[in-house]
Amino acid sequence: MSEVMPTPESEAELAFEGALRPKSLSEFVGQQKVRGQLQLLLHAATLQNRTPDHILLAGPPGLGKTTLAMIVAYESGRPLRMSSGPAIQHAGDLAAVLSSLVPGEVLFIDEIHRMARSAEEMLYLAMEDFRIDIMVGKGAGATSIPLDLAPFTLVGATTRSGLLPNPLRDRFGFTAHLEFYETGELERVLARAAEMLELEVDPGALTSIASRSRGTPRIANRLLRRVRDYALVHRTTAGQEAVDAALELYDVDELGLDRLDRAVLDAILTRFEGGPVGLNTLAVSVGEEADTIESVVEPFLVRIGLLSRTPRGRVATAAGWRHLGRRAAIPAALFDDQL
Ligand SMILES: Nc1ncnc2c1ncn2[C@@H]1O[C@H](COP(=O)(O)OP(=O)(O)OP(=O)(O)O)[C@@H](O)[C@H]1O
Ligand SMILES: [Mg+2]
């Protein structure tokens, strides 16, 4: 990953994200459809004085899944418990969390597609009947003890909803599909962040950062920070010049592609003559996990029309060729047929 998308462990970045996280639905920018859907669901639950239905939040990294999970708890006035798929490697891990929930609590499981299979099965029953069966003993003497749970709302987040088994997906009352943000929406995210950080930034510079943020609020906020750094170090204002210089330094191009995005596109063009090429072959050729290519890089390249996913593999579009300043190796007419 490039420097603008550092690993989540970076403490300064985490604190920064936490400070800028919208707390309520009204502060949450964009995703109008999802916001309306969530509002209705939470309101109905309040009117009936019951726990809201289970909610699945699906979409690429940095679009606001964790933020929305926190907002669900805040808006419904319920406590929030946070966990994650990788932390639940045995059914027992999940049983410990579930059995300690207080009535009405919101349980957030991030990266829910990475939970252990045995825990998944326990979760089906818990979601449906607020009950689990705990296995005691081993072999022939093993017995299961039923345990009633306090009613809770599960909020699951995933960047790979396709990996969730159907029985699990079906038990969510509502799935929110988060979309990449429009430039205007990211401008609002940035204006809010600049105000909170007490940063003076030219409106034009905000637009410029917004249009180069891969449709992603997390990236927008991080680029803003890099521009602020630049302005600070070079004793200049956070204007267009600072934006251009900082983004060039961090390898963000005019469409917002970062180094990995370009490496993927470049590999398809130069090593596979524009495709089609399979995901795993592509991943090996750029030395990155297939998962990252599929859930982080491709959704954006597809969204801005540089890449197309076909049954035979990934294909660069004419715009993809143009973006890297190359001509398609095959006649355009034939190329268009392939898409
Ligand atoms: N709609 C929004 N309005 C304003 N800021 C937002 C919005 N969505 C996300 N952000 C900002 O982007 C940052 C990243 O969002 P969040 O952590 O919720 O993403 P995520 O979808 O959980 O990502 P990941 O898949 O990597 O966990 C937040 O700290 C927040 O400041
Ligand atoms: Mg998250």
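One-based numbering, in listed order, for ligands and for the atoms of each.
Residue Gly62 places a heavy atom under 4.0 Å from ligand 1. Not a single heavy atom of Gln31 sits under 4.0 Å from any atom of ligand 1.
In this structure, the protein non-hydrogen atom closest to atom 19 (O) of ligand 1 is Gly64 N, 3.2 Å. Of all protein heavy atoms, the one lying nearest to atom 3 (N) of ligand 1 is Val29 N, 3.2 Å. The nearest heavy-atom contact from the protein to atom 25 (O) of ligand 1 is Lys65 NZ, 2.7 Å. For atom 29 (O) of ligand 1, the nearest protein heavy atom (residue, atom name, distance) is Glu17 O, 3.0 Å.
The closest side-chain donor-acceptor pair between Thr310 and Ser308, if any, does not fall under 3.5 angstrom.
Listed by number with element, the atoms of ligand 1 under 4.0 Å from a non-hydrogen atom of Thr66 are 17 (O), 18 (O), 20 (P), 22 (O), 27 (O). Ligand 1 places these atoms under 4.0 Å from at least one heavy atom of Leu20: 31 (O). In the vicinity of Thr159, heavy-atom distances shorter than 4.0 Å reach the ligand 1 atoms 25 (O). Listed by number with element, the atoms of ligand 1 under 4.0 Å from a non-hydrogen atom of Thr67 are 15 (O), 16 (P), 18 (O), 28 (C). Heavy-atom contacts of Pro61 reach the following atoms of ligand 1: 23 (O), 24 (P), 25 (O), 26 (O) (cutoff under 4.0 Å). The contact set between ligand 1 and Pro217, taken as ligand atoms under 4.0 Å from a residue heavy atom, comprises 6 (C), 7 (C), 8 (N), 9 (C), 10 (N), 11 (C), 12 (O).
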TODO: In sequence, state the C-alpha distance, the side-chain angles, and the governing distance for Asp148 and Phe130, and then conclude on side-chain contact (heavy atoms from CB on, under 4.5 Å).
DONE: CA-CA 6 Å; Asp148 285 332; Phe130 299 124; over 6 Å; no

TODO: For side-chain contact (heavy atoms from CB on, under 4.5 Å), just list the numbers for Leu260 and Val296, CA-CA rounded to whole Å, side-chain angles, deciding distance to a tenth of an Å, and then say yes or no.
DONE: CA-CA 10 Å; Leu260 181 59; Val296 180; 5.9 Å; no

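When side chains are defined from C-beta on, Thr175 does not count as touching Ser161, because their heavy atoms never get closer than 4.5 Å. For the pair His43/Leu47, a side-chain contact is recorded, criterion being any heavy-atom separation below 4.5 Å from C-beta on. Leu98 places a side-chain heavy atom less than 4.5 Å from the side chain of Leu107. Side chains of Leu68 and Leu178 form a contact here, defined as non-hydrogen atoms less than 4.5 Å apart.
Heavy-atom contacts from other residues, nucleotides or ligands closer than 6.0 Å to CD of Glu195 number 12 or fewer.
Contact annotation for Val189 and ligand 1: only side-chain heavy atoms (C-beta onward) come within less than 4.0 Å of the ligand. Only side-chain heavy atoms of Asn221 come within less than 4.0 Å of ligand 1; its backbone N, CA, C and O stay farther off. Residue-level proximity to ligand 1 for Pro22 is carried by the side chain, the only part with a heavy atom below 4.0 angstrom.
In terms of polar-atom proximity, defined here as any N/O pair under 3.5 Å, Arg192 makes no such contact with ligand 1.
The aromatic rings of His54 and Phe152 lie tilted to each other, with the angle between the two planes from 30° to 60°.
Judged by distance alone, with hydrogens and angles left aside, the side-chain atoms of Arg314 form no donor-acceptor pair with the main-chain N or O of Glu298 at under 3.5 Å.
Taking backbone and side chain together, Thr66 holds an N, O or S atom under 2.8 Å from the Mg ion (ligand 2).
The closest non-hydrogen atom to atom 12 (O) of ligand 1, taken over Arg218, Arg188, Arg222, Met196, comes from Arg218.
Interatomic distance, CG of Leu223 versus CZ of Arg228, reported as 13.0 Å (0.5 Å rounding).
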